[in-house]
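Each ligand, and each atom within it, is numbered from 1 in the order the structure gives.
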Amino acid sequence: MNHHPIRQSEEHALSRRQFSAFCACAAVALAAGIPLKRKLLVPPEADQAIAVAQIDEIEPGTAIQFDYPSEGHPCILVRFSEEEFTAFSSSCTHLMCPVHFEASTAQFVCPCHHGFFDAKDGSVIAGPPRRPLPRYEVTLADGQILVGPNLIQAKVTS
Ligand code: FES
């Protein structure tokens, strides 16, 4: 029989090394991950409004997607009535899945973990998200729908 004796002190030293490496990796991941997650969940600052569509291009009770303030930052604009519009970042505040508008309930629905947001103010109705969807101001001018640049605060549910 072929024996490969492992001294107990070496075995413990290896375990301590592995544990130290694990702790170092976890610390790096935490240090890098948490600010990154926070950064991703807050939309970049917008410095000017953009024209998203002509007013008559969107029927009441419907929504359109657009990117704002730059490409790769999906947003959603909803028209509730002749003059009532809302615009939000459409990245769920839980883990960034895209939300979609459900006209029958006037809610944004996140299919990933069943998050629900009020489509009028972006507040959380149900599910794992804790923060409202970032909401942009909407202005109507010269037949156009302008979005941004200011964010509007919504109530935070705990
Ligand atoms: Fe939206 Fe989890 S990513 S509920």
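Partners of Ser81 under the side chain to side chain donor-acceptor pair (under 3.5 Å) rule, at least two apart in sequence or in another chain, do not exist in this structure.
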Applying side-chain hydrogen bond (donor to acceptor under 3.5 Å, both in side chains), run through Glu59 and Thr62 and close with a yes or a no.
CA-CA 6 Å; Glu59 293 293 318; Thr62 64; over 6 Å; no

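Shown here for Ala119 and Phe108, the closest heavy-atom pair between the two residues is CA-CE1, 3.4 Å.
Within a 6.0 Å sphere centred on CG of Asp142, other residues, nucleotides and ligands contribute 12 heavy atoms or fewer.
A disulfide bridge does not connect Cys92 to Cys97: their SG atoms sit 2.5 Å or farther from one another.
No side-chain donor-acceptor contact under 3.5 Å links Arg79 to the backbone of Asp56.
Excluding waters, the protein N/O/S atoms found under 2.8 Å from atom 1 (Fe) of ligand 1 are Cys92 SG, Cys110 SG.
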